[in-house]
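Below is one structure; the comments refer to it alone.
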Amino acid sequence: MRAQDSATGPGTIAVTTDMAASPTPGTEIPPTPGPGAPPHTAKASAPDAPPHTAEASAPDTPPHPAQPPARRGTLLAALGVVAFSLTFPSTAWGLESFGPWSLVALRSTLAALIAGGFLLAVRAPVPARRHWGGLAVVAGGVVIGFPLLTTLALQTSTTSHAAVVVGLLPLTTAVLGSLRTGERPSRMFWVAALAGATVVIGFTVQQSGGALTSGDLYLFGALLVCAAGYTEGGRLARVMPGWQVIGWALILCLPLAVAGSAVAVPLEPVHLTAHGVLGLVWVAAGSTFFGLYVWYKGMAEIGVPRASQLQLAQPLLTLAWSFLLLGEEVSAAAPLAAVAVLVCIAATQRTGRRGRAARRSAGETAPVRS
């Protein structure tokens, strides 16, 4: 074969061992391709042909995996809201058998043991040192602060009145989330969020007769610490699995929870009932572990502000559970409030999708987190 016949056209280029070794020293390969040249060459000489790479010549290479769909993140966060909506009725059941300090200490201890078993089973790596500060915020706000303050409040408040906390929680979480993570929702997002919070507050205050109780300070304190824990947990769930966020936060609290149980249980009377045991099991396994697992996972996928607005439905779900499980009366205004809240939720979700679409069209990409 002649040397000038070794050049190819702009097709796929392949190099074989015998052809790579066939040119003798000093042989110069002309750039003009022969009319019937076979597809074997050591180097493409067509000046206008783009450089060929293994990636360019493999059209069947699958694309890079897409980001998790927002629908999945919304579903996970919604499951967390459903789990949280049972917390107040379950706590009321638990108080039938345990004192407030005993209930919170036992709740944290059981949840930590469940989380520790999962962490050992999967051999989860210990978080980096830089994450322990955030885990301490999650532990202080979600594992200790919110359960303790709401349990103390429920000694004098009904579950429907305590739903005021949940009504204000989405807006507070969105504000803290924006400050902490740098997310900037649109103006319409804030309008819808404020409208939803106003509806929920008005509804829950009307349900409680408009009177403040001695537990209101506990409730508003619980609001602030829980919003801080949700925000920090949502941030950490972007760099580690959501269940590990709450799992390590629970492990961090385990020594304190065990010590609290040892002190509180002998001092507070214990009267075991089916409701009391079931309430304790749910707040430990359902609300504290499962609920926070899916909640943080959902927040990591759709963002803290959008996920927080799903909690606007939580007070209405809590009122429904209170009626079904505790026999508390619910006024006829509940269906109207439910419709108004769902409209606000739809508005916040719609503005969130528009914001992400605008960022994608502008060429923005999500930051890579280690």
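Scope of the values below: all heavy atoms of this structure, side chains included, with no hydrogens, waters or symmetry mates. Along the sequence shown, residues are numbered consecutively beginning with 1.
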**Message:** Any side-chain to backbone donor/acceptor pair from Trp132 onto Pro127? Under 3.5 Å, distance only.
**Reply:** yes
**Request:** Mark yes or no for whether Gln314, through its side chain, and Val166, through its backbone, hold a donor-acceptor pair below 3.5 Å.
**Result:**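 Absent.
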Are [X] and [Y] linked, directly or through other ILVMFWY residues, by side chains that come within less than 4.5 angstrom of each other?
| X | Y | value |
| --- | --- | --- |
| Leu316 | Leu325 | yes |
| Val175 | Leu224 | no |
| Val122 | Met240 | yes |
| Trp282 | Leu324 | yes |
| Ile251 | Leu120 | no |

**Message:** Glu328: which residues meet the side chain to side chain donor-acceptor pair (under 3.5 Å) condition with it, sequence neighbours left out?
**Reply:**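 Result, side chain to side chain donor-acceptor pair (under 3.5 Å) vs Glu328: Thr159.
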**Prompt:** Listed by chain and number, what are the side chain to side chain donor-acceptor pair (under 3.5 Å) partners of Thr288, not counting sequence neighbours?
**Reply:** Arg107
**Fill in**
Residue pairs meeting side-chain hydrogen bond (donor to acceptor under 3.5 Å, both in side chains), one or both in residues 112-129, sequence neighbours left out, come to none
Working to the nearest 0.5 Å, report the span between [atom1] of [X] and [atom2] of [Y].
| X | Y | atom1 | atom2 | result |
| --- | --- | --- | --- | --- |
| Gln244 | Leu135 | CD | CG | 10.5 Å |
| His131 | Glu232 | NE2 | CD | 10.5 Å |
| Phe146 | Thr151 | CZ | OG1 | 9.0 Å |
| Arg72 | Lys297 | CZ | NZ | 6.0 Å |
| Leu76 | Met299 | CG | CE | 11.5 Å |

Taking all atoms of both residues into account, what is the closest heavy-atom pair of [X] and [Y], and its distance?
| X | Y | value |
| --- | --- | --- |
| Ala139 | Ala249 | CB-O, 3.6 Å |
| Gly134 | Arg235 | CA-NH2, 4.5 Å |
| Val341 | Ala313 | CG1-N, 3.9 Å |
| Ala115 | Gly247 | CB-CA, 3.6 Å |

Kindly write out the residues that satisfy side-chain contact (heavy atoms from CB on, under 4.5 Å) with [X], not counting sequence neighbours, or none if the list is empty.
| X | result |
| --- | --- |
| Ala274 | none |
| Thr273 | Glu96, Ser97, His275 |
| Val270 | Phe98, Val265, Leu272 |
| Leu176 | Thr172, Ala227, Ala228, Thr231 |

**Shared-cluster residues of Leu113, by chain and number - hydrophobic side chains joined below 4.5 Å** =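 Its cluster mates, by chain and number: none.
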**Message:** Taking transitive links into account, so neighbours of neighbours count too, which hydrophobic residues share a cluster with Tyr218 at under 4.5 Å side-chain distance?
**Reply:**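 Result for Tyr218 is Trp101, Val104, Leu148, Leu149, Leu152, Val225.
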Pairs of donor and acceptor atoms involving the side chains of residues 78-95, under 3.5 Å and at least two apart or interchain, shall be tabulated with distances.
from	atom 1	to	atom 2	distance (Å)
Ser85	OG	Val82	O	2.6
Ser85	OG	Trp321	NE1	3.0
Thr87	OG1	Phe84	O	3.0
Thr87	OG1	Ser287	OG	2.7
Ser90	OG	Leu86	O	2.7
Thr91	OG1	Thr87	O	2.7

Below 4.5 Å, heavy atoms only, C-beta onward: do [X] and [Y] meet side chain to side chain?
| X | Y | answer |
| --- | --- | --- |
| His161 | Leu219 | yes |
| Val143 | Ile246 | yes |
| Val294 | Phe290 | yes |
| Val138 | Tyr296 | yes |
| Cys226 | Leu169 | yes |

**Item:** Contacts of Phe118 that satisfy ring-ring contact (aromatic ring centres under 6.0 Å, His included) - sequence neighbours left out
**Value:** Phe289
**Fill in**
Which of Leu292, Leu250, Val245, Val137 passes side chain to side chain contact (heavy atoms under 4.5 Å, CB included) with Val142? Answer is Leu292
Give the table of side-chain donor-acceptor pairs shorter than 3.5 Å for residues 252-264, with sequence neighbours excluded, one pair per line with atom names and distance.
from	atom 1	to	atom 2	distance (Å)
Ser261	OG	Ala105	O	3.4
Ser261	OG	Thr109	OG1	3.3
Ser261	OG	Ala257	O	2.9

